[in-house]
Asker: 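Here it is, the structure in full.
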Number of protein chains: 2
Amino acid sequence: MAQNADLEAIRKAQIIDAALRTIAERGCANVTMDDICKAAGLSKGGLAHYFKSKTELFKAVFLEFFQRIFLRSDLTMSAFDDPLEQLLSFDWLYNARDPDVETGYPILYDFMSMAVHDQCYRDIFRDWVNNWVKLLKKAIELGQTHGRFRNVDPESAARTISAIYQGMATRWYLAQSEHPTEWAVDSVRRSITGLLNSFENSR
Amino acid sequence: MAQNADLEAIRKAQIIDAALRTIAERGCANVTMDDICKAAGLSKGGLAHYFKSKTELFKAVFLEFFQRIFLRSDLTMSAFDDPLEQLLSFDWLYNARDPDVETGYPILYDFMSMAVHDQCYRDIFRDWVNNWVKLLKKAIELGQTHGRFRNVDPESAARTISAIYQGMATRWYLAQSEHPTEWAVDSVRRSITGLLNSFENSR
DNA sequence: CGGTATAACGACCAATCGGTCGATTAATTG
DNA sequence: CAATTAATCGACCGATTGGTCGTTATACCG
């Protein structure tokens, strides 16, 4: 009866948060509804009251996840004034002690493997990438108003930059012993500046 | 009695091949032993004769998969003489009609999501990356004997290059409409040459 | 031709899990 | 204080699935 009209929002957030942690820990394929119920402090029926099916819950979880990452990216980036520094402001992706990183990577890899077989997830992925690209693009265009990044196509380069970040991330996260944080940070830095210079000199 | 001592090898290859195709099609999480049995033309008991458990089969499948990709990479790379062309010889990764690509990406993403939660899979991943890196490293060192790639640390740069390839691959495969093949090929080319130049000019 | 060991079969079992549903509790309203 | 409706519970069901096991078929050997 909605004694508190916000209860639904509170409960949903609580469930999504529990699911996020549980999925990160166990992996999508192994997580059961019971696991999530326990983590959320709810019974099966109680949870079913808010999410009718497992897939519905999962979709909500992933949407929330990508939203968080985007907000985090936006926040971190806007802490810099220099456009190039903005483009290079994603070092936090390679900080193992960052809470967003700890849960983020497991979630992201599970998500991508599901996106391979599910158009709906691919759409979420695309939207997230597009949002990220929009941030990077803005930084490039800002630089161009100051005469930098000459000949760079902002959209295309932004996509390349975000892909570079993710490429290093995969190595850094899955084969950490061979790919320490310094390697990832340095590689990203060199690749991105190198990419931008490749436009400047050519064409 | 091994009327044909090779029978075991033949059957195992047959099963692994069927599993490879089935997993690529349905995804690790959804594939059942029955699916694989049907694809392999064997019964449950027949398959169990060669692989005692699902996880044992999966591990064999992934090992075979990475072996194939490595051989393919080695083969393609060695078709070029120029070291830089060797480093840039992985365009086939972005050819949607390539059979290795068609099955490869689904397998790879499933694999990575499992590697997150399973050390054994991370080891396989690390070995594969190391093998790939070895190829790239050789090309860089070959170039250096001719005075090119000055100041480049071959090992570190090789890791960066392979990560760049994979970064573009993720975008190209999961969000194709926004990341066409030309974008991927061009991005890789610019990023890698840019990376190598970043060493040449600095330090 | 038996005898024997391998190869292959498929019915069956036990365990897991997502979702349902009737019951119970709690809160709001008239 | 009823009455009503939302919120929560957890036992239960049906479906799925990995693995087993007794059985059959096949091929080689002595």
Side-chain angles (χ1 to χ4, degrees), chain A residues 1-62 110-111 113-114 117-118 120-121, chain B residues 1-62 110-111 113-114 117-118 120-121:
Chain A
M1 122 152 22
Q3 85 280 11
N4 185 352
D6 299 325
L7 180 59
E8 182 170 342
I10 292 174
R11 282 277 180 278
K12 280 195 171 183
Q14 181 181 352
I15 293 167
I16 286 176
D17 203 68
L20 215 40
R21 278 180 287 118
T22 314
I23 293 173
E25 197 177 317
R26 298 232 213 313
C28 271
N30 308 314
V31 151
T32 70
M33 284 304 227
D34 274 331
D35 291 335
I36 299 173
C37 290
K38 266 172 204 154
L42 274 178
S43 70
K44 229 170 189 190
L47 199 151
H49 189 67
Y50 295 100
F51 293 97
K52 277 179 283 297
S53 72
K54 199 182 185 183
T55 63
E56 182 185 321
L57 171 59
F58 272 30
K59 268 167 199 170
V61 165
F62 287 126
D110 264 346
F111 177 85
S113 82
M114 297 174 73
H117 303 284
D118 188 332
C120 167
Y121 285 161
Chain B
M1 124 192 19
Q3 83 280 13
N4 186 352
D6 300 324
L7 181 57
E8 182 170 343
I10 292 173
R11 283 278 180 278
K12 280 197 172 183
Q14 180 181 354
I15 293 167
I16 287 176
D17 204 67
L20 215 41
R21 279 180 287 118
T22 314
I23 293 174
E25 197 177 317
R26 300 233 214 310
C28 271
N30 307 314
V31 152
T32 70
M33 284 304 225
D34 274 332
D35 291 335
I36 298 173
C37 290
K38 267 172 204 154
L42 274 177
S43 69
K44 230 171 188 189
L47 199 150
H49 188 68
Y50 295 100
F51 293 97
K52 278 179 283 297
S53 72
K54 199 182 186 184
T55 64
E56 183 186 321
L57 171 59
F58 272 30
K59 269 167 197 170
V61 165
F62 287 126
D110 265 346
F111 177 85
S113 82
M114 298 174 72
H117 303 284
D118 188 331
C120 167
Y121 285 159

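Since this is a predicted model, take the numbers as computed values, not measurements. Residue numbers start from 1 in every chain, and the chains themselves are labelled A, B, ... in the order their sequence lines are given, proteins ahead of strands.
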Asker: Which residue, B/Arg11 or B/Lys44, contacts DNA chain C at a nucleotide closer to its 5' end, judged by nearest heavy atom?
Answerer: B/Arg11
Asker: For the side chain of A/Asp35 and the backbone of A/Thr32, is there at least one donor-acceptor N/O pair under 3.5 Å apart?
Answerer: yes
Asker: Rounded to whole Å, please give me the gap between NE2 in B/His49 and P in D/dT24.
Answerer: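 Interatomic distance, NE2 of B/His49 to P of D/dT24: 19 Å.
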Asker: Side chain of A/Glu8, backbone of A/Tyr50: donor and acceptor closer than 3.5 Å?
Answerer: no
Asker: Roughly how many Å is it from CG in B/Asp35 to C1' in D/dG18, rounded to a whole number?
Answerer: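 Whole-Å distance recorded here is 13 Å.
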Asker: Please tell me which of A/Ala48 and A/Asn30 maps to the more 5' nucleotide of DNA chain C, matching each residue to the nucleotide holding its nearest heavy atom.
Answerer: A/Asn30
Asker: Describe the nucleic acid contact of B/Tyr50 in one word from base, sugar-phosphate, nothing, applying a heavy-atom distance below 4.0 Å.
Answerer: sugar-phosphate
Asker: Quick one, B/Ile36 and B/Phe58 - any side-chain contact, counting heavy atoms below 4.5 Å?
Answerer: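 Yes, side chains in contact.
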Asker: I'd like to know if B/Lys54 reaches the base of D/dG19 with its side chain, counting only an N/O donor and acceptor under 3.5 Å.
Answerer: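 For B/Lys54, whose side chain was compared with the base of D/dG19, there is no donor-acceptor pair (under 3.5 Å).
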Asker: Calculate the interatomic distance between B/Phe51 atom CZ and D/dT20 atom P; express it in whole Å.
Answerer: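 After rounding, the reported distance stands at 16 Å.
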Asker: In this structure, how many angstroms lie between the P atom of D/dT17 and the NZ atom of B/Lys38, rounded?
Answerer: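 Result: 10 Å.
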Asker: Would you compute the distance between atom CD1 of A/Ile23 and atom CZ of A/Phe62 and round it to the nearest 0.5 angstrom?
Answerer: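 Going from the CD1 atom of A/Ile23 to the CZ atom of A/Phe62 covers 5.5 Å.
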Asker: Output the rounded distance in Å from CD (A/Glu8) to C1' (D/dT5).
Answerer: 15 Å
Asker: Classify the side chain of A/Lys52 and the base of C/dG19 as holding, or not holding, a donor-acceptor pair under 3.5 Å.
Answerer: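 Between C/dG19 and A/Lys52, which were checked side chain against base, a qualifying N/O pair under 3.5 Å is absent.
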Asker: Using a cut-off of 4.0 Å on non-hydrogen atoms, how would the nucleic acid contact of A/Leu42 be classed: base, sugar-phosphate, or nothing?
Answerer: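 Sugar-phosphate: the residue A/Leu42, judged by heavy atoms under 4.0 Å, touches backbone atoms but no base.
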Asker: Are any of the side-chain heavy atoms of A/Phe111 and A/Asp118 separated by less than 4.5 Å?
Answerer: no
Asker: Round to a whole Å and report the spacing from NZ of B/Lys12 to C1' of C/dA7.
Answerer: 14 Å
Asker: To the nearest Å, give me how far apart CE (A/Met33) and C1' (D/dG10) are.
Answerer: 15 Å
Asker: Please report, rounded to the nearest Å, how far the C1' atom of C/dA7 is from the CG atom of B/Asp6.
Answerer: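 The distance from CG of B/Asp6 to C1' of C/dA7 comes to 16 Å, rounded to the nearest Å.
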